[in-house]
Amino acid sequence: MTARLRLLVAALLLLAGTGIARAQTDEIQVYTGDINAPGQFGITLHNNYTPIGRTTPAFPHAIIPDHALNGVPEYAYGVADWLEVGAYLPLYTVTRDGRFLIDGSKLRVLFAEPHAGERPFFYAVNFELSYNARHWATTRWAAEIRPIIGGRIGPVDLVINPIVDVDFTGIGALTFAPAVRLAYNFSKTWAAALEHYSDYGAVRRFETADRQQQTLFAVADYNGEPVGVELGIGHGFTAASDKLILKLMLIKNF
């Protein structure tokens with residue numbers, strides 16, 4: 001067994017047998033398997049704002065999504081051509097009544113096929129461990145397992161993230177929240193995409209259609225200097241989804 005496979009198996013064993021109660025959203029992103037080169041450091045600033053959102057909390061004392069701004073700086077470092085580590089600190093919210101809240105922090109490890117951006121078929125898996133404020137999630141500790149599967153034909157990319165969220169309260173509490181991205185690359189620096197984000201609820205019994213979250217985003221990407229930009233506008237299609245969400249990511253690699 002290779003060293004990278006041993007690390008991957010160890011991470012799976014750590015998370016297996018433990019199954020996120022619904023939390024808020026700090027980053028709205030489909031992972032593509034691209035990682036920083038060995039020794040390269042990067043910062044991504046995630047922000048999303050909900051002009052028209054749910055006006056009731058998802059659980060007692062939770063943040064009300066309507067007119068809330070959520071965000072987090074993400075720090076990433078390329079360890080090898082197949083491994084990237086990262087941290088999100090601090091997660092924050094500006095609520096609709098102007099309060100500034102600290103929501104928690106996250107660590108992540110991403111195992112990727114080397115040079116995924118150059119391959120017609122690629123795969124990766126990302127693991128996250130988060131510490132949450134009480135207003136952010138129903139459990140202090142949570143995790144995410146995010147497989148990444150993608151392919152490209154010419155300028156068109158299709159990437160699927162069949163995400164499983166874990167709240168460490170048992171297998172029955174695992175939730176399924178997949179994300180999909182279909183992108184057209186006009187050049188190496190410009191792309192347009194449709195992204196779909198879902199939350200079907202606990203895998204033991206999915207929520208009914210009206211209680212699921214289903215949101216579609218139109219996205220524009222700029223991958224150049226001095227700063228990369230991803231800008232999107234999303235619309236939710238169910239009662240459990242926010243009707244209008246704006247997202248902005250600013251990316252800088254050093």
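Numbers for residues simply follow the sequence, beginning at 1. All values reported here derive from a predicted model rather than from experimental measurement.
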Distance only, no hydrogens: is a donor on one side chain within 3.5 Å (strictly under) of an acceptor on the other, for Thr238 and Asp210? no

Examine Val166 and Val203 and state if one hydrophobic cluster contains both, with Ile, Leu, Val, Met, Phe, Trp and Tyr joined whenever side-chain heavy atoms are less than 4.5 Å apart. yes

Just checking, is any N or O donor in the side chain of Asp26 or His46 under 3.5 Å from an acceptor N or O on the other one? no

Ignoring hydrogens and angles, tell me if any N or O in the side chain of Thr44 forms a donor-acceptor pair with the backbone of Glu74 under 3.5 Å. no

Ring centroid separation for Tyr75 and Tyr77, is it under 6.0 angstrom? no

Side chains of Gln214 and Tyr197: any donor to acceptor distance under 3.5 Å? no

Please check: side-chain N/O of Asn70 versus main-chain N/O of Thr25, any donor-acceptor pairing under 3.5 Å? yes

Fit a plane to each ring of Tyr123 and Phe121, take the angle between them on a 0 to 90° scale, and name the class: parallel (under 30°), tilted (30 to 60°) or perpendicular (over 60°). tilted

Do Leu250 and Val229 come close enough that some side-chain heavy atom pair is under 4.5 Å? yes

Less than 6.0 Å separating the ring centroids of His61 and Phe59? no

Strictly below 4.0 Å, N to O, side chains only: are Glu225 and Lys252 in salt-bridge contact? yes

Spacing of CH2 belonging to Trp190 relative to CG belonging to Asn223, to within rounding of 0.5 Å: 10.5 Å

Ion pair Glu144/Lys106, N-O distance below 4.0 Å: no

When you group the ILVMFWY residues by side-chain heavy-atom contacts below 4.5 Å and let the links chain together, are Phe100 and Leu45 in the same group? yes

Set of residues satisfying ring-ring contact (aromatic ring centres under 6.0 Å, His included) with respect to Phe206, sequence neighbours excluded: Tyr200

Hey, is Asp165 close enough to Arg146 for a salt bridge, meaning N to O under 4.0 Å? no

Do you reckon Phe127 sits in the same ILVMFWY cluster as Phe176, going by side-chain contacts under 4.5 Å, direct or chained? yes

Do Leu182 and Phe186 share a hydrophobic cluster, counting only Ile, Leu, Val, Met, Phe, Trp and Tyr and linking them when any side-chain heavy atoms are less than 4.5 Å apart? yes

Determine whether Val219 and Ile148 fall in the same hydrophobic cluster, where Ile, Leu, Val, Met, Phe, Trp and Tyr are linked whenever their side-chain heavy atoms lie under 4.5 Å apart. yes

Indicate whether the side chain of Ser187 and that of Thr189 have a donor and an acceptor atom separated by less than 3.5 Å. yes

Do Asn47 and Tyr92 have a side chain donor and acceptor closer than 3.5 Å? yes

